Amino acid sequence: METVVSSGNTTEALLAGTVACHSSAELSAKLKRGTPLRVKFGVDPSSPDLHLGHAVPLRYLRRWQDAGHLAVLLLGDATAMVGDPTGKNATRPQLTREQVEAHAATYLEQAFHVLDPERTEVVRNSDWFDQMNFMDAIKLGATTTVARMLERDTFETRYKAGVPISLHEFLYPLMQARDSVEVRADVEIGGSDQTFNLLAGRDQMRDAGMEPQICITLPLLVGLDGEQKMSKSLGNAIGLTDEPREMFGRAMSLPDALMPSWFQLTTSLSEARVAELLAGSPREAKGALAAEIVATYHGEAAAREASEEFDRIFRDKGLPDDIPSTRLQAELVEDGSVWIVKALTSVGLAASSGEARRLIRSGGVRADDEKVSDEQARLSAGGSYLLRVGKRRFHRVEVPA
RNA sequence: GGGGGAAUGCCCGAGUGGUUAAUGGGGACGGGCUGUAAACCCGUUGGCUUUGCCUACGUAGGUUCGAAUCCUACUUCCCCCA
């Protein structure tokens, strides 16, 4: 059997920066055997894109790969249809099989920006859950108790607040635990909020007569709001497929206080380099952070470009490279001109004409760099105008003659 | 199976017959300051052909000059008892 020979293959190296490990003694014992371990990480394809928060465990998984181990990337296409109740205060909407399939495909592509495909085994949990019948599900349910489930903070809070908890949500941790049995995991990693689910895996493996998996939890990446765990639904996330400029810009809006943890969790910069950056100008440090992030997913060149454009727009008050341009519909032209409110709504700079009026009233609209103060302003036919809403939304419109 | 409660704008949550597009908070957006950070200040936050009109307080009806507020049915959720 293949043996592992790597400088990073020590308990200390593999646990650096983690939150907890159950248990490190067992981990040391497993590592001593010298054979590659199966390290499981599961993602539910419940939304179309992965974000930087997902990338934290992926990066950590890469560390294991580099130390000579095998990543078992589990696509929870069956569990995605239940929805992980962790941290949720409401039942998730159930997804269709088609939605889940579509998401799964994009997930893999995104995950391999970080993972080494040579040392990754991809599995889907529908492979075994589709085979299970109702009686199997009942057996699974018999492995735990309601009291135990209600111990979980997320359920307890909801229950006490009178927020409904659907029965199937109790099944989620059991399914995730079952996955560990199916993939014969040696180690499972996850965010620190996953502790309950990970430990459930140990129980199920023990019940199945297997050596229980080691559970390692990682720090959660706090989102751009500076308060909550990064999550797409909270709007505080940076997607791995976001455009370089978008990614850079969003990263720059990160609260200063989060910089140390972001450097640690999202970049590979050395501790010394990070310390040096943090000691300097916060603006420069954040620029370096943003550039590192963009470079990881889009390459050095894109990072440089995004950084330059950012400076041009926000420091030098210039214009972005790509300004969307629209030729307005001829129907909007009346008496040789177009009402600016119509122009704003038709290109999406305002959601409604009421909003467009409000934006004008509050001084947030510019046409060719001139502040528009009259709600009744009109754009002449045959002209081309650069409309700007707020500081960062631009759109060029051409008014047909 | 029986009994009791609840449903309000993006979210939470006041409002129990009459200046009500509906107190307050959060979020979001715009402006100021700035480093597109934080903090702070100001403004906005249903739609439209905007001095006005229309649509809104779970759904459908009803009472009334007038309803988010009262009545009936329905839907959904919560709690208690069994």
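Treat the numbers as computed from the prediction; the structure is a model and nothing was measured. Letters go in sequence order (proteins before strands), and every chain restarts at 1.
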Candidates B:A37, B:G30, B:C48 - which lies nearest the side chain of A:Ser352: B:C48
Rounded interatomic separation in angstrom, taking [atom1] from [X] and [atom2] from [N]:
{"X": "A:Arg392", "N": "B:G30", "atom1": "CZ", "atom2": "C1'", "value": "14 Å"}
{"X": "A:Lys342", "N": "B:G47", "atom1": "NZ", "atom2": "P", "value": "13 Å"}
{"X": "A:Glu334", "N": "B:U49", "atom1": "CD", "atom2": "P", "value": "10 Å"}
{"X": "A:Leu349", "N": "B:C29", "atom1": "CG", "atom2": "C1'", "value": "13 Å"}
{"X": "A:Phe248", "N": "B:G35", "atom1": "CZ", "atom2": "P", "value": "16 Å"}
{"X": "A:Arg393", "N": "B:G30", "atom1": "CZ", "atom2": "C1'", "value": "10 Å"}

Stretch residues 354-369 of chain A: residues that reach within less than 4.0 Å of RNA chain B through a heavy atom: A:Gly354, A:Arg357, A:Arg358, A:Leu359, A:Ser362, A:Gly363, A:Gly364
Nucleic acid contacts - residues 262-297 of chain A versus RNA chain B, non-hydrogen atoms under 4.0 Å: A:Pro282, A:Arg283, A:Lys286
In whole angstrom, give me the gap between the [atom1] atoms of [N] and [M].
{"N": "B:U50", "M": "B:A68", "atom1": "C1'", "answer": "25 Å"}
{"N": "B:G25", "M": "B:C74", "atom1": "C1'", "answer": "34 Å"}
{"N": "B:U44", "M": "B:G35", "atom1": "P", "answer": "28 Å"}
{"N": "B:G17", "M": "B:G30", "atom1": "C1'", "answer": "39 Å"}
{"N": "B:U49", "M": "B:C71", "atom1": "P", "answer": "40 Å"}
{"N": "B:A37", "M": "B:G27", "atom1": "P", "answer": "16 Å"}
{"N": "B:G31", "M": "B:A7", "atom1": "C1'", "answer": "38 Å"}
{"N": "B:C80", "M": "B:U72", "atom1": "P", "answer": "26 Å"}

Answer yes or no: is there a donor N or O on one side and an acceptor on the other, between the side chain of [X] and the main chain of [Y], under 3.5 Å?
{"X": "A:Ser380", "Y": "A:Gly383", "result": "no"}
{"X": "A:Thr10", "Y": "A:Ala13", "result": "yes"}
{"X": "A:Tyr60", "Y": "A:Ala55", "result": "no"}
{"X": "A:Arg202", "Y": "A:Pro212", "result": "no"}

Distance-only polar pair, side chains of A:Trp128 and A:Asp179, donor-acceptor under 3.5 Å: yes
Sugar-phosphate only, base, or nothing, as touched by A:Lys371 at under 4.0 Å among non-hydrogen atoms: nothing
Touch class at under 4.0 angstrom, heavy-atom based, for A:Gly390 against every strand present: sugar-phosphate
Lys NZ or Arg CZ of A:Arg388 over A:Phe394 ring: under 6.0 Å, within 45°: no
5'-most by nearest nucleotide on RNA chain B - A:Leu254 or A:Ala351: A:Leu254
Presence of A:Lys391 side-chain N/O under 4.0 Å of B:G35 phosphate oxygens OP1/OP2: no
side-chain N/O A:Ser353 vs B:U49 OP1/OP2, d < 4.0 Å: yes
Pair A:Asp66-A:Arg63, salt bridge (charged side-chain N to carboxylate O under 4.0 Å, His left out): steps then yes or no: CA-CA 5 Å; A:Asp66 292 343; A:Arg63 201 152 106 202; over 6 Å; no
Worked check of salt bridge (charged side-chain N to carboxylate O under 4.0 Å, His left out) between A:Asp322 and A:Arg245: CA-CA 10 Å; A:Asp322 295 332; A:Arg245 293 183 185 87; 3.5 Å; yes
Working for side-chain hydrogen bond (donor to acceptor under 3.5 Å, both in side chains), residues A:Arg396 and A:Ser325: CA-CA 4 Å; A:Arg396 182 170 292 285; A:Ser325 181; 5.5 Å; no
Listed once per pair and sorted, the side-chain hydrogen bond (donor to acceptor under 3.5 Å, both in side chains) pairs that draw on residues 280-290 of chain A, sequence neighbours left out: A:Asp256-A:Lys286, A:Arg283-A:Asp311
Carboxylate-amine/guanidinium proximity below 4.0 Å for A:Glu182 and A:Arg124: no
Ring geometry between A:His54 and A:Tyr107 (parallel below 30°, tilted from 30 to 60°, perpendicular above 60°): tilted
With sequence neighbours excluded, residues passing ring pair (Phe, Tyr, Trp, His ring centres under 6.0 Å) with A:Phe314: A:Phe310
Pair pattern of RNA chain B in dot-bracket, where unpaired bases get dots and | marks partners in another strand, Watson-Crick or G-U under 3.5 angstrom: ((((((((.[[[..)..(.....]]]((((((.......))))))(((...)))...[[[[[..)....]]]]]))))))).
Pair A:Arg38-A:Glu121, salt bridge (charged side-chain N to carboxylate O under 4.0 Å, His left out): steps then yes or no: CA-CA 9 Å; A:Arg38 297 173 62 77; A:Glu121 178 178 314; 2.9 Å; yes
Polar pairs (N or O, both sides) under 3.5 Å between protein and nucleotides 21-28 of chain B?
none

Worked check of salt bridge (charged side-chain N to carboxylate O under 4.0 Å, His left out) between A:Arg33 and A:Glu211: CA-CA 14 Å; A:Arg33 289 175 210 157; A:Glu211 184 178 291; 2.9 Å; yes
